[in-house]
Amino acid sequence: MTEKQTQSLDRDETSGSSRREEAEKPTGKEDVSRLGSYEFATETRRPFLRLLSYVRPYRWRFVAAIGFGIACGLFNAAIISAMQLVFKMLLPSDEDVISFKIPLVGAWEFQVPDVSDSQGLKIAILLSLLIPLAILLRGALNYLSQYFMMWVGNRVLYDLRDQLFTKLLHHSLSFYSKQKTGELIQTVVNQTQLAQGAGMKLVGSLAKHPVSILTMVGCLVYLDWIFALVALVVFPLCLVPVLTLSNKVRKAGGKEQEEAGKLMVTIQESFAGIRDVKAYAREDFEREKFNGASKRMLAFIMRWKKAVEIVGPLVEAVASLGIAAGLVYAKMTGMTAADFLIRYVILIALYPHAKALSRMQIELQKCRIATNMVLDNMVRNADVADAVDAGALPNPKGDVCFQDVSFAYKKGVPAVRGIDLRLQSGRFYALVGPSGAGKSTLFSLLLRFYDPDEGQILIGGSDLRHVTQASVRENISVVNQDTFLFHDTIETNIRYGKLDATIEEIEAVARKAHAHEFICEQDKGYQTVIGDKGHQLSGGQRQRISIARSILRDAPVLLLDEAYSALDTESEKIIQEAVEILAEGKTVIAIAHRLSTILDADEIIVMEEGCVVARGTHEELLKGCPLYKRLYKLQFASMEAV
């Protein structure tokens, strides 16, 4: 072993426990209601910028979305100019000629059309169409902004879900033993969408609404700065209801997300454990749990919805004070109806944008919580990870070796201790012992679901920590007691062992697994969908499908994890014949509670309390191992009595 490998091994041994402890830490959940508005905005900036990093591959369309949004906001000046011209030309007035000025462009004089003749009427109609034309053009700009933002948002959502799902798949078993599956589903499906939706909405709002407000205020100041000052003096007061209710909104919004996670957990666990739910007649109990979480979630939704919706009327009420002040000013200065109307239209058009910005804290809240939950899961390190320079397993057909291996799921409580085993290629080994002896732990370590705290595990002379996990598992087949099959066709479930297998190869391995006959008896043969976890098949049939999948995989190492314990005598005999075919030429390691299934093993390894206490053939252990002799007598006493 090289010095570099030794150093890497030392790092792995010392960091294994810390990585497992890190997996237990909750992510994305914190009480944001205690933060002030400034602290909240500051803390939100970090996840928001992290989310924006996903926009980089689509930056040109993103820039286009922002550009069209800004253009939409600026185009309000064109609409105001069009309205000003139309109002002055068409509304009643004593003037026959009007002067019309556009900032940075110039000034013109226009003859007021006389609608009593046909020519003047045509001009009036054409002038009146300027307003809908300008609004149509602004709508087109807004549509293009929304379209490009939605296009980018959908790609960001796809990337978020892809990276998060991939990251979760590569976490080891210790991560899943501490996480709630429902919450993970909630994060992958809902939180990614919330993060993307809120983030894109924030960007769109920041691109359009501030520009619209500045444009309209600029136009109002240009038309009459005194009127603008009088009407907008109350504008800062619009922030008072927003700041007053922001803490309440943030708190209720955070609680809603928490209850949504609990709701998803209840749904997932109820459906996953539906057999037990029905067996114990607990449908009403599960319904009460579901409805309880649902009611609490809806209560928090109503709480923050009420707080959000009350902001609008409060802002409008404050804004109306400015309009009233402007009306008094217009009366005092003798302002014409046309001049006042254009100023009034600007004020009315100004406050919806202000109201939209007042709701940004809600979007910030959603974006912050959802983005933290998503991205924190992405950056969390797996407790079992490939080394930087890891390569494929070079000699998968070699021996399996455990060298002084110790491992604990919890600190101070070892599951296995000082395991020294050398298992030769092509031989059949059996692990026996009472429950909790560490048999399944050895399987998990060999599959590298966990890394040992001490010692090494080698296949073909290669330390598993110096090769990729994928190459290790590609060379190991597993037949478990609890067979998992996908809600898909029989063909697809068998092909899971080798994704590029042909139908001829699938049928061949099905015959070897004694599964072809019952498969052909199904309504659609190999195309029969077997239901959730394969529950449309019997236990023995599911086991044979699993064995066919393992035969198709054709890995040099075969692990049998109590593959017969849940079967009746007839099914056990069929499965044993199939396993014998599967095991030909392979290194077989079997965990068995039924000693009758492993009496012919080349070597039986007896374990107790995480240690190997004896090893040998069946005859040797009967003579020299009291524990094995006791286990044997417990199972065969009745048969010997007969």
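The basis for the numbers below is simple: all heavy atoms, side chains too, and nothing from hydrogens, waters or symmetry mates.
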Between [X] and [Y], what is the shortest heavy-atom contact and its length?
X: R380; Y: F175; answer: NH1-CE1, 2.8 Å
X: K439; Y: P434; answer: NZ-O, 3.2 Å
X: S550; Y: V479; answer: OG-CG2, 3.6 Å

Donor-acceptor contact present, side-chain [X] to main-chain [Y], <3.5 Å:
X: S471; Y: L393; result: yes
X: Q522; Y: F518; result: yes
X: E288; Y: F285; result: no
X: Q179; Y: Y176; result: no
X: S546; Y: R542; result: no
X: R553; Y: I476; result: yes
X: H535; Y: D532; result: yes
X: T187; Y: V374; result: no
X: R473; Y: R448; result: yes
X: D561; Y: S440; result: no

Are there over 12 heavy-atom neighbours, none belonging to [X], within less than 6.0 Å of that residue's [atom1]?
X: Y143; atom1: OH; result: no
X: K289; atom1: NZ; result: yes
X: K167; atom1: NZ; result: yes

Min side-chain heavy-atom separation [X]-[Y] under 4.5 Å:
X: L485; Y: Y496; answer: no
X: I494; Y: V509; answer: yes
X: T617; Y: I604; answer: no
X: F148; Y: F62; answer: no
X: I459; Y: L446; answer: yes
X: I598; Y: F428; answer: yes
X: L52; Y: V203; answer: yes
X: L595; Y: V432; answer: yes

Carboxylate-amine/guanidinium contact [X] [Y], below 4.0 Å:
X: R155; Y: D162; answer: no
X: D554; Y: K586; answer: yes
X: E491; Y: R495; answer: yes
X: D451; Y: R465; answer: no
X: E603; Y: R427; answer: no

When you check the side-chain N and O atoms of [X] and [Y], is any donor under 3.5 Å from an acceptor?
X: T192; Y: R161; answer: yes
X: Q424; Y: D399; answer: no
X: Y54; Y: Q196; answer: no
X: Y526; Y: N493; answer: no

- Task: Classify the ring geometry between H618 and Y628 as parallel (under 30°), tilted (30 to 60°) or perpendicular (over 60°).
- Result: perpendicular
- Message: Would you call the rings of Y450 and Y409 parallel, tilted or perpendicular, taking 30° and 60° as the class edges?
- Response: perpendicular
- Item | From CG (L445) to CG (L464), nearest 0.5 Å | 9.5 Å
- Task: With rounding to the nearest 0.5 Å, note down the distance linking CG in L559 to CG in L442.
- Result: 10.5 Å
- Checking ring pair (Phe, Tyr, Trp, His ring centres under 6.0 Å) for the pair H170/F165: CA distance, chi angles, key distance, verdict? CA-CA 9 Å; H170 283 83; F165 186 65; 9.8 Å; no
- Task: Output, in order, the C-alpha distance, side-chain angles, deciding distance and verdict of side-chain hydrogen bond (donor to acceptor under 3.5 Å, both in side chains) for T489 and T492.
- Result: CA-CA 5 Å; T489 64; T492 302; 2.8 Å; yes
